[in-house]
Protein chains: 2
Amino acid sequence: MGKAYNVMAATCPSRTVLHRIGARWTVFVVNALADGPRRFTDLKAHIQGITPKVLTETLRSLEVDGLISRHEYAENPPRVEYALTPLGRSLLVPLRAVRLWAEQHVPDIEAARARHENQTYADTV
Amino acid sequence: MGKAYNVMAATCPSRTVLHRIGARWTVFVVNALADGPRRFTDLKAHIQGITPKVLTETLRSLEVDGLISRHEYAENPPRVEYALTPLGRSLLVPLRAVRLWAEQHVPDIEAARARHENQTYADTV
DNA sequence: AGATACCGGTATCAAATCCATACCGTGAGA
DNA sequence: TCTCACGGTATGGATTTGATACCGGTATCT
């Protein structure tokens, strides 16, 4: 059923999906929610460097796409929690693989960048 | 080994790696090179919607990071081929998982978006 | 010989996105 | 009353992305 879509086609809806996944902060927010619901300020502290505006936008987008859910508790003081939906949790699997790849290959990529700085040949295939 | 890095830390180098992976067109270019080397114009035709400028920038960035290699053949007419390096091929694995997830969950996400449309409409009524 | 087309890109400028900083309303605590 | 935390907005500048036109070299067609 998945093969009904081709990401290389400009008109394919999977394009917009991939675009959303690839958006600047999606990977971080989804990963930050991996261990359970979190509050706005908690997320902001956990994902270092994200600004409140961008965090708000990212959360809204993910909510629209059904990847996370927003729960507003009518307590005193009011509390807002964000959590992954089942769909969001399923995305966690491939995203975790990407994050692990990134963490594991930092030395390789830093070496490649250093090599490029030194103008060495690029033919290391 | 991989756990020496934490993507949530703003200063962590894995951040820049994840940023590169998540860049607008990286997934498409890497996937387009999955089946072997391709030429510039071929890539441009295959990845619908990418402009030459952006394709050039993406290829240069991926080359700096050691994910692809650029071969300029001194033939007549000159030919330029881009290919995945072993490092790039290793990235192919998690990226393919992401692409498959995207292709498989298009209906879910479209449903979520439609649901959201209806919700906001219902809120105004 | 002249016109045309392909390849691998640049140049230029407009549009979309991202980021930093400041601020707001509500409620709680001192 | 003053101040602080929470969950955000407002504003305005910086960065990235995109659309379009163009270029030099080579081959091909007429």
Side-chain angles (χ1 to χ4, degrees), chain A residues 7-11 15-30 32-33 37-65 68-83 122, chain B residues 7-12 15-30 32-33 37-65 68-83 120 123:
Chain A
V7 291
M8 293 306 175
T11 57
R15 263 291 174 86
T16 67
V17 173
L18 257 194
H19 184 203
R20 175 60 41 81
I21 296 175
R24 203 81 169 70
W25 293 99
T26 298
V27 181
F28 300 101
V29 171
V30 172
L33 291 173
R38 281 176 183 272
R39 303 173 66 175
F40 187 89
T41 306
D42 189 20
L43 280 173
K44 189 156 67 72
H46 191 68
I47 308 170
Q48 291 177 27
I50 196 170
T51 63
K53 180 190 171 188
V54 171
L55 179 55
T56 298
E57 288 169 357
T58 304
L59 289 169
R60 293 283 181 277
S61 298
L62 292 175
E63 197 191 352
V64 168
D65 285 357
I68 67 172
S69 58
R70 182 180 187 275
H71 293 284
E72 197 166 335
Y73 294 95
E75 303 172 350
N76 260 346
R79 186 161 54 94
V80 180
E81 273 190 357
Y82 294 93
Chain B
V7 291
M8 293 306 175
T11 57
C12 183
R15 265 290 175 86
T16 66
V17 173
L18 255 194
H19 183 203
R20 174 61 41 83
I21 296 174
R24 200 78 172 72
W25 294 98
T26 296
V27 182
F28 300 102
V29 171
V30 172
L33 292 174
R38 278 177 185 271
R39 301 174 65 176
F40 186 89
T41 307
D42 189 20
L43 281 172
K44 190 156 67 71
H46 191 70
I47 307 169
Q48 290 179 27
I50 196 169
T51 64
K53 177 195 169 186
V54 172
L55 178 55
T56 298
E57 289 168 357
T58 304
L59 290 170
R60 294 281 181 277
S61 300
L62 293 176
E63 198 190 351
V64 168
D65 285 358
I68 67 172
S69 58
R70 181 181 187 275
H71 293 283
E72 197 165 334
Y73 296 94
E75 301 172 353
N76 259 347
R79 187 162 50 97
V80 180
E81 273 189 0
Y82 295 93
T120 43
D123 286 348

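Throughout, protein chains are lettered first and strands after them, A, B, ... in sequence-line order, and every chain is numbered starting at 1.
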* At their closest point, which heavy atom of V29(B) faces which heavy atom of L59(B), and how far apart are they? ->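 Minimum heavy-atom separation between V29(B) and L59(B): CG1-CD2, 3.9 Å.
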* Can you name the closest pair of heavy atoms from M8(B) and R15(B) and give their distance? ->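 Heavy-atom minimum between the residues: O-NH2, 3.3 Å.
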Report the distance from atom [atom1] of [X] to atom [atom2] of [N], rounded to the nearest whole Å.
X      : N       : atom1 : atom2 : value
R39(B) : dT26(D) : CZ    : C1'   : 12 Å
L55(B) : dG8(C)  : CG    : P     : 11 Å
E57(B) : dA19(D) : CD    : P     : 13 Å
K53(A) : dC23(C) : NZ    : P     : 17 Å
Y73(B) : dG8(C)  : OH    : C1'   : 15 Å

* Interatomic distance, L33(A) atom CG to H46(A) atom NE2 [nearest 0.5 angstrom] ->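 It comes to 9.0 Å.
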* Euclidean distance, F28(B) CZ relative to T58(B) OG1, rounded to 0.5 Å ->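 It comes to 11.0 Å.
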* Asked: Of the nucleotides dT9(D), dA27(D), dG7(D), which has the atom closest to the R79(A) side chain?
  ->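 Looking only at heavy atoms from C-beta outward on R79(A), the closest nucleotide is dG7(D).
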* **Per P52(B) side chain, nearest of listed nucleotides dT20(D), dA20(C), dG8(D)** =>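 Out of dT20(D), dA20(C), dG8(D), the nucleotide with an atom closest to P52(B)'s side chain is dT20(D).
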* 5'-most by nearest nucleotide on DNA chain C - V54(A) or P78(A) ->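 Nearest-nucleotide comparison on DNA chain C picks V54(A).
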* To do: State whether W25(B) places a side-chain N or O below 4.0 Å from either non-bridging phosphate oxygen (OP1 or OP2) of dT16(D).
  =>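 So the side-chain polar atoms of W25(B) never come under 4.0 Å of the phosphate oxygens OP1 or OP2 of dT16(D).
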